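First the structure, in the form of structure tokens, and then the observations on it.
Since the model is a prediction, treat every value here as computed from it, not as a measurement. Here is the naming used below: chain letters follow the sequence lines, and residue numbers restart at 1 for every chain.
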Protein chains: 2
Amino acid sequence: MRNTSTPPHGAYLWGKEIKHMQSSSRFSVGVHVLTLLATNPPGELLTSDRMAGSVNTNPVVIRRILGQLKQAGLVEVRAAAGGTHLRRDPAAITLLDVYRAVETTDERLFSMHENPNPQCLVGRNIQAALDGTLHRAQLALERELAGTTLAQVVERVREPAG
Amino acid sequence: MRNTSTPPHGAYLWGKEIKHMQSSSRFSVGVHVLTLLATNPPGELLTSDRMAGSVNTNPVVIRRILGQLKQAGLVEVRAAAGGTHLRRDPAAITLLDVYRAVETTDERLFSMHENPNPQCLVGRNIQAALDGTLHRAQLALERELAGTTLAQVVERVREPAG
DNA sequence: CATATTGTAACAATATTAGTTACAATAAAA
DNA sequence: TTTTATTGTAACTAATATTGTTACAATATG
């Protein structure tokens, strides 16, 4: 019998201790929502119900993601007879901003098995041996996401061919 | 009521239609196992029980991953009084090989919400607008994984400081 | 004050993962 | 040939994440 009391596996880089990285559709929904806001006539607000109609989901799902985008400073949400609008120029919002805003549970791409046997050379050193590569892999991915702005997405949505 | 019959969300690039990308510890366990095999005296075999002792998990978990590594041509597994040994030089196995071998359920990093409203400009074009960036992000990550070999991991395990 | 909207709790359904037990199939060794 | 250790795999549990849903209090706008 092994691992009866300890958690089965754990996180990789950058603090927090949550288990899985479960890439969700939150990221694409987040980009969708922000694109809607960016293409909305300036000054006008959008309700979660309207946005849910475009994404084709439940308004609560939109509100949950809006809450994350709000916390990241990307949007302002007004209750009551309100709605949402962007707080930054679309050219100043990158896909990495969105990714980081919505993928809260575990920002790492790789999980590590938690309790390798320290009496074994490999078990003792495998984590440190992998750390650098996995970190670089994550950075490479984030660099790509940081290279696309919401303004560019809007442009491509407006001109699908070009 | 929306989306009552269709699956809630779907995969992104490259065929297959499975739902979540749930990055597991299978990748790190796979690398751990291969590192054990690479540091094992040549000619000798390792049993799943021995490897489970180093990883600190159940032998069946090891055998499941060995099955995937075998299918990818990285190891040869012999039943009975058997065990496992590498089928390639450690310098000819990259971390991308391992990643692809074990992350079978969904090799994509990003999922897309599946049924955006086609009557909306954004809903109609958001997928295509995101496709290129997400593809490049995935390629950037894979390029990093392809840049580290099992031989390098072995080296770092043997000399943790350098 | 009336009202539309947000924020959030609570729950169901689904999926993935790690861990576990059990056992038939297999091949090496005695 | 028999014994035996090991693999391969099915079946199950527990934990967790996610999406969708209902319900309703809080809120601010008009």
Side-chain angles (χ1 to χ4, degrees), chain A residues 1-11 17-29 45-52 55-71 75-85 102-106 111-115, chain B residues 1-11 17-29 45-52 55-71 75-85 102-106 111-115:
Chain A
M1 238 186 286
R2 282 185 251 259
N3 273 350
T4 52
S5 63
T6 51
H9 59 293
E17 302 203 330
I18 311 161
K19 300 306 138 53
H20 297 274
M21 136 83 188
Q22 199 144 326
S23 180
S24 54
S25 59
R26 282 198 305 269
F27 173 66
S28 64
V29 172
L45 303 181
L46 273 177
T47 67
S48 62
D49 210 65
R50 290 279 306 279
M51 296 192 260
V55 173
N56 193 21
T57 186
N58 191 288
V60 174
V61 172
I62 300 295
R63 278 180 239 155
R64 281 203 280 245
I65 290 171
L66 282 178
Q68 298 182 286
L69 297 175
K70 180 174 74 172
Q71 204 164 4
V75 301
E76 185 178 337
V77 186
R78 295 239 292 274
T84 306
H85 65 95
V102 300
E103 299 297 342
T104 55
T105 47
D106 190 338
S111 295
M112 205 80 177
H113 54 296
E114 258 211 337
N115 303 108
Chain B
M1 241 190 283
R2 283 185 250 256
N3 273 350
T4 52
S5 63
T6 51
H9 59 293
E17 300 204 332
I18 311 161
K19 301 305 139 52
H20 295 275
M21 134 87 188
Q22 197 143 326
S23 181
S24 54
S25 60
R26 282 198 305 270
F27 173 66
S28 66
V29 172
L45 303 180
L46 273 178
T47 67
S48 62
D49 210 64
R50 291 278 305 279
M51 296 192 261
V55 174
N56 194 19
T57 185
N58 191 288
V60 174
V61 173
I62 300 296
R63 279 179 238 155
R64 281 202 280 246
I65 290 170
L66 282 178
Q68 299 182 285
L69 298 175
K70 181 173 73 173
Q71 205 165 3
V75 300
E76 185 179 336
V77 186
R78 295 239 290 274
T84 307
H85 65 94
V102 301
E103 299 296 344
T104 56
T105 47
D106 190 338
S111 295
M112 204 82 175
H113 55 295
E114 258 209 339
N115 303 109

Legend entry - Within-4.5 Å side-chain heavy-atom neighbours: B:V29 and B:I62: yes

Legend entry - Phosphate OP1/OP2 of D:dG20: any A:T57 side-chain N/O under 4.0 Å: yes

Inset, instruction - To the nearest Å, give me how far apart CG (A:N115) and C1' (C:dG19) are. - result: 14 Å

Inset, instruction - Check the distance between C:dT5's P and A:I62's CD1 and give it to me in whole angstrom. - result: 15 Å

Legend entry - Separation of A:E103 CD from A:Q68 CD (nearest 0.5 Å): 8.0 Å

Inset, instruction - Can you tell me the distance, in whole Å, between the CZ atom of B:R26 and the C1' atom of C:dT17? - result: 7 Å

Legend entry - Distance in Å, A:R78 CZ paired with A:L45 CG, rounded so as to fall on 0.5 Å steps: 5.5 Å

Inset, instruction - Return the value, rounded to whole Å, for the distance between atom CG of B:L45 and atom P of D:dA5. - result: 16 Å

Inset, instruction - Considering just the side-chain nitrogens and oxygens of B:S25, establish if one lies under 4.0 Å of OP1 or OP2 belonging to C:dA18. - result: yes

Legend entry - N/O donor-acceptor pair under 3.5 Å between A:S25 side chain and B:S111 backbone: no

Legend entry - Donor-acceptor contact present, side-chain A:N56 to main-chain B:N115, <3.5 Å: yes

Please enumerate all protein N or O atoms sitting under 3.5 Å from an N or O of nucleotides 6-9 of chain C, with distances to 0.1 Å.
from	atom 1	to	atom 2	distance (Å)
C:dT6	OP1	A:S48	N	2.9
C:dT6	OP2	A:S48	OG	2.7
C:dG7	OP1	A:K70	NZ	2.7
C:dG7	N7	A:R63	NH1	3.0
C:dG7	O6	A:R63	NH1	2.8

Inset, instruction - Round to the nearest Å and state the distance from A:E103 atom CD to D:dT18 atom C1'. - result: 11 Å

Inset, instruction - Can you tell me the distance, in whole Å, between the CG atom of A:N58 and the P atom of D:dA23? - result: 12 Å

Legend entry - Nucleotide D:dA17, atom P - distance to CD1 of A:I65 in whole Å: 17 Å

Legend entry - Backbone of B:R50 reached by a side-chain donor or acceptor of B:T47 within 3.5 Å: yes

